[in-house]
There are 2 protein chains.
Amino acid sequence: MNEQIGRIDGGMPADSALSVEAFLTPQGELPAASDCPVRDVLDRLGDAWSFLVVLRLAPAPMRFNALKRAVGGVSQRMLTVTLRSLERDGLVNRKVFPTTPPQVEYSLTQLGFTLVRPMAELTRWASDHHASVRQARAEYDAGAA
Amino acid sequence: MNEQIGRIDGGMPADSALSVEAFLTPQGELPAASDCPVRDVLDRLGDAWSFLVVLRLAPAPMRFNALKRAVGGVSQRMLTVTLRSLERDGLVNRKVFPTTPPQVEYSLTQLGFTLVRPMAELTRWASDHHASVRQARAEYDAGAA
DNA sequence: CAGTATCCTCCTCGATACTG
DNA sequence: CAGTATCGAGGAGGATACTG
């Protein structure tokens with residue numbers, strides 16, 4: 001069912017050009033998220049850590065603690081969990097060097113690299129429009145009061 | 001595909017839309033997520049509903065229950081919460097028609113439309129690589145057993 | 001260094017009931 | 001139709017302690 005979904009196109013100013021319908025159920029009956037690729041991806045990338053980890057690994061491979069410091073604010077447990085997830089999804093490579101103390105290097109797989117581009121677009125949007133969002137929030141909150 | 005990736009590196013920002021470093025803390029010391037635009041955006045879009053709602057509103061405005069059916073699987077409460085969030089962030093417009101019964105129409109703002117494009121890119125990635133991810137998972141799980 | 005194991009706490013989210 | 005209010009279960013995720 002999800003074979004032809006592509007076709008986002010790339011020229012128009014947003015409202016047309018987007019065959020968004022294809023990603024979603026025509027009648028929206030089913031409650032299941034399992035058959036929707038969008039959901040599947042977002043469930044992974046949704047947690048802030050996955051996104052940031054992939055971004056951080058894009059320039060160069062990194063070891064566990066370096067990554068932990070680089071990401072900032074992530075607990076050891078969550079970083080481990082996140083990396084396992086990404087590894088399982090084939091986005092991240094885990095390479096162990098049997099030295100003492102042990103070294104483990106994480107890097108993006110080829111599949112992982114293909115994600116960097118779209119993620120960077122979103123990141124770019126974030127930096128471009130962050131101010132607008134903040135302002136909109138401020139106005140909304142002001143109006144509510 | 002990797003040839004593009006080198007430009008991600010912070011070494012040469014130039015015109016690049018993809019200087020990832022800029023969004024992240026140099027030393028990653030601070031635990032706060034507040035100052036990072038990436039986090040800010042992802043926290044919004046992270047919940048599957050926001051993403052799907054924006055996608056659904058891209059082609060045309062929609063009323064509450066139509067949206068609820070279209071998204072599928074979202075509870076009334078979560079849709080309300082999600083829409084309020086998006087409205088607060090200036091991404092969605094809420095227009096009330098004082099009829100009986102009341103009609104409320106939701107649509108994307110101009111700012112909201114600018115998000116559609118990057119979101120569609122990610123969606124596109126999802127549909128393109130969904131199979132690979134599923135396979136990677138299967139292999140990983142097989143190896144674990 | 002790079003984890004694993006446990007506990008424990010919020011906080012999200014769904015279910016349900018009520019309203020203009 | 002389009003919400004709001006309230007409650008309760010469940011899971012995400014932090015803190016801590018231990019290990020190869």
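Values in this document were obtained by computation on a predicted structure and should not be read as measured data. The chains referred to below are lettered A, B, ... by the order of the sequence lines, with proteins before strands, and numbering in each begins at 1.
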Protein-nucleic acid N or O pairs under 3.5 Å, nucleotides 10-14 of chain D:
| residue | atom | partner | partner atom | Å |
| --- | --- | --- | --- | --- |
| D/dG13 | N7 | A/Arg77 | NH1 | 3.3 |
| D/dG13 | N7 | A/Arg77 | NH2 | 3.1 |
| D/dG14 | OP2 | A/Ser75 | OG | 2.8 |

Please write out the pairs of protein N or O atoms and N or O atoms of nucleotides 17-20 of chain C separated by less than 3.5 Å, giving the distance to one decimal.
none

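Partners of B/Arg77 by salt bridge (Lys or Arg N to Asp or Glu O under 4.0 Å), not counting sequence neighbours: none found. Applying the ring-ring contact (aromatic ring centres under 6.0 Å, His included) rule to B/Trp125 yields the partners B/His129; only residues at least two apart in sequence or on another chain are considered. Taking A/Ala48 as the reference, B/Arg39, B/Asp43 meet the side-chain contact (heavy atoms from CB on, under 4.5 Å) condition, with sequence neighbours excluded. The salt bridge (Lys or Arg N to Asp or Glu O under 4.0 Å) check on B/Arg137 picks up A/Asp40, A/Asp89, with sequence neighbours excluded. Qualifying side chain to side chain donor-acceptor pair (under 3.5 Å) partners for B/Gln135, counting only residues two or more places apart in sequence or in other chains: B/Glu139. Residues passing the side-chain contact (heavy atoms from CB on, under 4.5 Å) test with A/Thr109 are A/Asn93, A/Leu111, sequence neighbours excluded.
The CD-C1' distance, from A/Gln103 to C/dC1, rounds to 8 Å in whole Å. Between the NZ atom of A/Lys68 and the P atom of C/dG3 there is a distance of 13 Å, given to the nearest Å. Counting to the nearest Å, the C1' atom of C/dA15 and the CG atom of B/Leu79 are 16 Å from each other. Taking atom CE of residue A/Met62 and atom C1' of nucleotide C/dA2, one finds them 16 Å apart after rounding to whole Å. In this structure, A/Leu83 atom CG and C/dT4 atom C1' are separated by 15 Å, rounded to whole Å.
Atom CZ of A/Arg63 sits about 9.0 Å away from atom CZ of A/Arg69, to the nearest 0.5 Å. Annotation: the span from B/Leu115 atom CG to A/Leu122 atom CG amounts to 6.5 Å, rounded to 0.5 Å. To the nearest 0.5 Å, atom CG of residue B/Asp128 and atom CD of residue B/Glu121 are 10.5 Å apart.
Residues A/Val71 and A/Trp49 have side chains in contact (heavy-atom distance under 4.5 Å, counting atoms from C-beta outward). In this structure, B/Leu42 and A/Leu45 have side chains that are not in contact, with every pair of non-hydrogen atoms separated by 4.5 Å or more.
Checked against C/dA2, C/dG3, D/dG3, the side chain of A/Asn65 finds its nearest nucleotide in C/dA2.
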Residues 78-87 of chain A side chain polar contacts: donor-acceptor under 3.5 Å, at least two apart:
| residue | atom | partner | partner atom | Å |
| --- | --- | --- | --- | --- |
| A/Thr80 | OG1 | A/Gln76 | O | 3.0 |
| A/Thr82 | OG1 | A/Met78 | O | 2.7 |
| A/Ser85 | OG | A/Arg44 | NH1 | 3.0 |

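Against DNA chain D, the stretch residues 84-95 of chain B makes heavy-atom approaches under 4.0 Å through B/Arg84, B/Arg94.
Phosphate contact (OP1/OP2 of C/dA2, side-chain N/O of A/Arg63, threshold under 4.0 Å): present. Phosphate proximity of C/dC1 to A/Tyr106: absent, as no side-chain N or O sits under 4.0 Å from OP1 or OP2.
Residue pairs meeting the side chain to side chain donor-acceptor pair (under 3.5 Å) criterion with at least one partner in residues 98-107 of chain A, sequence neighbours excluded, are A/Arg94-A/Tyr106.
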Based on Watson-Crick and G-U pairs with both distances under 3.5 Å, what dot-bracket line describes DNA chain C 5' to 3', crossing pairs as [ ] and inter-strand pairs as |? ||||||||||||||||||||
